[in-house]
Amino acid sequence: MSGRMAGKSVIVYGAGSIGPGWGNGKAAAVLYARQGAYVLCADIDEAAAAETVAIISREGGEADVFVVDTTDQAMVRNATAQALQRRGKVDVVHYNVGISHPGDLEETPMKDWERVFSSNLSGALYAVKAALPSMRERRAGAFVFISSVAAVASSGYRYASYEASKAALNRLAQSLAVEHAADGIRANVVMPGLIDTPHVAHHIAGRVTAAQDFAQRRASTPPMKRQGTARDVAHAALFLASDEAAYITGVTLAVDGGLTLLIPSR
Amino acid sequence: MTLPNGLPLPEPGPLPKTALVTGGAGALGFEIAKVLSASNEIALLDVGESALNRACELPNATGFGCDVGDSDALHTAYLAAFQKLGPIGIVVHAAGTAPIAPFLDTDRATFEDAINLHLTAGFEIFRLAARDLVLHGKSGRLVAIASISGARAGYARTAYGTAKAGLIHLCGQIALELGPYGITANAVAPGPVDTPLSREAHTAEARADYQRTIPMARYGEAAEVARAVAFLASAESSYISGQTLFVDGGYMASGMGVTVAQSAAAVRRA
């Protein structure tokens, strides 16, 4: 198969969408496959991953479902082993798992804080640890982490655990980039801004305001005066994952319609 | 959607398949033009005969001889390019020199020349092209070739680094104001790139220093920078604006201790 990812073996963690429509992970998985990659679609929700795989299969691409709770290191190891078994290698690990708990810092129960860090950060490290040995052996590999502009700015929601975990994820990617550049391994971050995805609708919209006001408010915030799409995020990930980005490592690329230009802490 | 002033948000128009590259005859500029020429008609701007000569090497490029740092010449060349290609969808400001001198030895003329060519000419060509894009209802992609020197201090980069820092901020400024028109502005900030210019400008000591501070322990290639430009110039990057994309082998992500990481990797492999 031809394409920008021809012959590549990719694991997408969080490849399913939480609701109808296109989440970032689903869009990325389908895009990688369209560009010629084999994609192991890993998700905690089997039906959601299966839907992504069904789309890929329908388009003539190659993908498999794998059920993974990324807070369980053994399951992440199994996912990696599965990709290695299917394709003999892992070229790209795309980590798109992210959960959030609302709440003021003072009242945030420690178990919520730990759950968020476990999913958003430790799970990413499990994915790294599992994939590194085979990548190092081949002296090739690329990680793409889906973070959030919440890593660098307050977006008006109170969910410090999400913000802190994404900030840590940004630096995890950079530490990984520096430690393993000499092994031929790259690591980069995509920081989506206000993106119109089922995740947002599911986690935030309902508890903030009516969905339509919510969407209008989000669209009017960035300089581009619209929300982004999962496709925008997926294309940035594709670029960073591909060999086109061979000299790019340790970057955090915001896909945010200029949103981070409006905040001091860039 | 409706804006606070009651007017509807302008709907971004199509992205014209035309590109203009300043410094298009240089090693980096030409590589960028070459990659963009796969799907765009190209205008190369560069000094004297060089633009015309190198344009002949691409099937769909036209060269416009002009000193990019000269305002009148730049206007004339832009108008000629516009006449031939129509609104320019992609503008890459790659013209540059490498004035390397310690702060105490940098005279005013050297400083002003660097600001003029890297920053002021970038401002001018972006503004010329963007005005026509807005007028004709087209989307656009403005890409400035900046440098890691525009984001982190480096020895003897007073003029060069300060000019590149200005270019990075210029992109943010444009991104903010032209976002609603579907015009993006981004900087690509390379680390050291293996070109005739850097071969001449970087001493052996400087090269060794870069090897030590770049996690990938090598210079970048012009083609690697060109591919980053091509991504930011594509229809697929429409929601990325005001950003600086470092193409630097991990330089910006690192700090002290790169040699330690490199040694550790070597030991593990041994």
Side-chain angles (χ1 to χ4, degrees), chain A residues 31 136 139 170-171 173-193 195 215-216 219-220 222-229 231-236 238-240 242-262 266, chain B residues 1-4 9-10 12 172-173 175-182 184-185 190-191 193 214-221 223-225 227-228 230-232 234-255 257-258 261-266 268-269:
Chain A
L31 187 57
R136 187 166 55 228
R139 297 194 45 70
N170 285 7
R171 189 59 224 180
Q174 294 187 311
S175 300
L176 174 62
V178 173
E179 266 190 49
H180 290 282
D183 293 320
I185 295 164
R186 301 184 298 107
N188 292 293
V189 169
V190 176
M191 284 201 302
I195 310 291
Q216 167 89 15
S220 67
M224 283 203 159
K225 300 298 166 204
R226 64 176 175 91
Q227 290 194 75
T229 64
R231 184 180 170 278
D232 295 323
V233 178
H235 272 286
L238 168 66
F239 169 70
L240 292 172
S242 77
D243 293 339
E244 293 156 36
Y247 197 55
I248 301 179
T249 193
V251 307
T252 51
L253 179 60
V255 181
D256 68 352
L259 184 66
T260 43
L261 295 170
L262 304 175
R266 288 183 67 191
Chain B
M1 73 173 268
T2 310
L3 297 168
L9 178 74
Q173 220 29 72
L176 183 72
E177 294 191 24
L178 301 190
Y181 299 104
T184 68
V193 180
I214 295 170
M216 281 191 183
R218 68 171 175 90
Y219 275 41
E221 292 161 23
E224 293 174 321
V225 177
R227 284 192 282 269
F231 169 63
L232 292 173
S234 70
E236 285 72 36
S237 68
S238 64
Y239 203 57
I240 301 176
S241 198
Q243 299 303 311
T244 304
L245 178 56
F246 292 96
V247 184
D248 67 355
Y251 177 87
M252 287 297 292
S254 70
V258 171
Q262 286 166 356
S263 304
R268 209 166 31 222
R269 267 211 308 283

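Model, not experiment: these values are computed from the prediction. Letters go in sequence order (proteins before strands), and every chain restarts at 1.
Both the backbone and the side chain of B/Ala175 come within less than 4.5 Å of a heavy atom of chain A. Residue A/Leu259: no heavy atom, backbone or side chain, is found under 4.5 Å from chain B. For A/Glu179, the part sitting under 4.5 Å from any heavy atom of chain B is the backbone (N, CA, C, O) and nothing else. Proximity to chain A (any heavy atom under 4.5 Å) is restricted, for B/Leu245, to the side chain, taken from C-beta onward. Looking at A/Ala246, the atoms closer than 4.5 Å to chain B (heavy atoms on both sides) sit in the backbone and in the side chain alike. Only the side chain of B/Ile214 comes within contact range of chain A, with heavy atoms under 4.5 Å apart.
Interface summary for chain A: among B/Tyr239, B/Tyr181, B/Tyr251, the most heavy-atom pairs under 4.5 angstrom belong to B/Tyr239.
In this structure the side chain of A/His235 never reaches within 4.5 angstrom of the side chain of B/Ile240, judged on heavy atoms.
Within residues 247-257 of chain A, the residues having any heavy atom closer than 4.5 Å to a heavy atom of chain B are A/Tyr247, A/Ile248, A/Thr249, A/Gly250, A/Val251, A/Leu253, A/Ala254, A/Val255, A/Asp256, A/Gly257, listed by residue number.
With A/Arg186 contributing its side chain and A/Leu240 its backbone, the two residues share a donor-acceptor pair below 3.5 Å. Under a 3.5 Å cut-off, the side chain of B/Ser241 and the backbone N or O of A/Gly258 do not form any donor-acceptor pair.
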Mind running side-chain contact (heavy atoms from CB on, under 4.5 Å) on B/Arg227 and A/Asp243 for me, showing each step along the way? CA-CA 10 Å; B/Arg227 284 192 282 269; A/Asp243 293 339; over 6 Å; no

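Taking B/Ser238 as the reference, A/Arg226 meet the side-chain hydrogen bond (donor to acceptor under 3.5 Å, both in side chains) condition, with sequence neighbours excluded.
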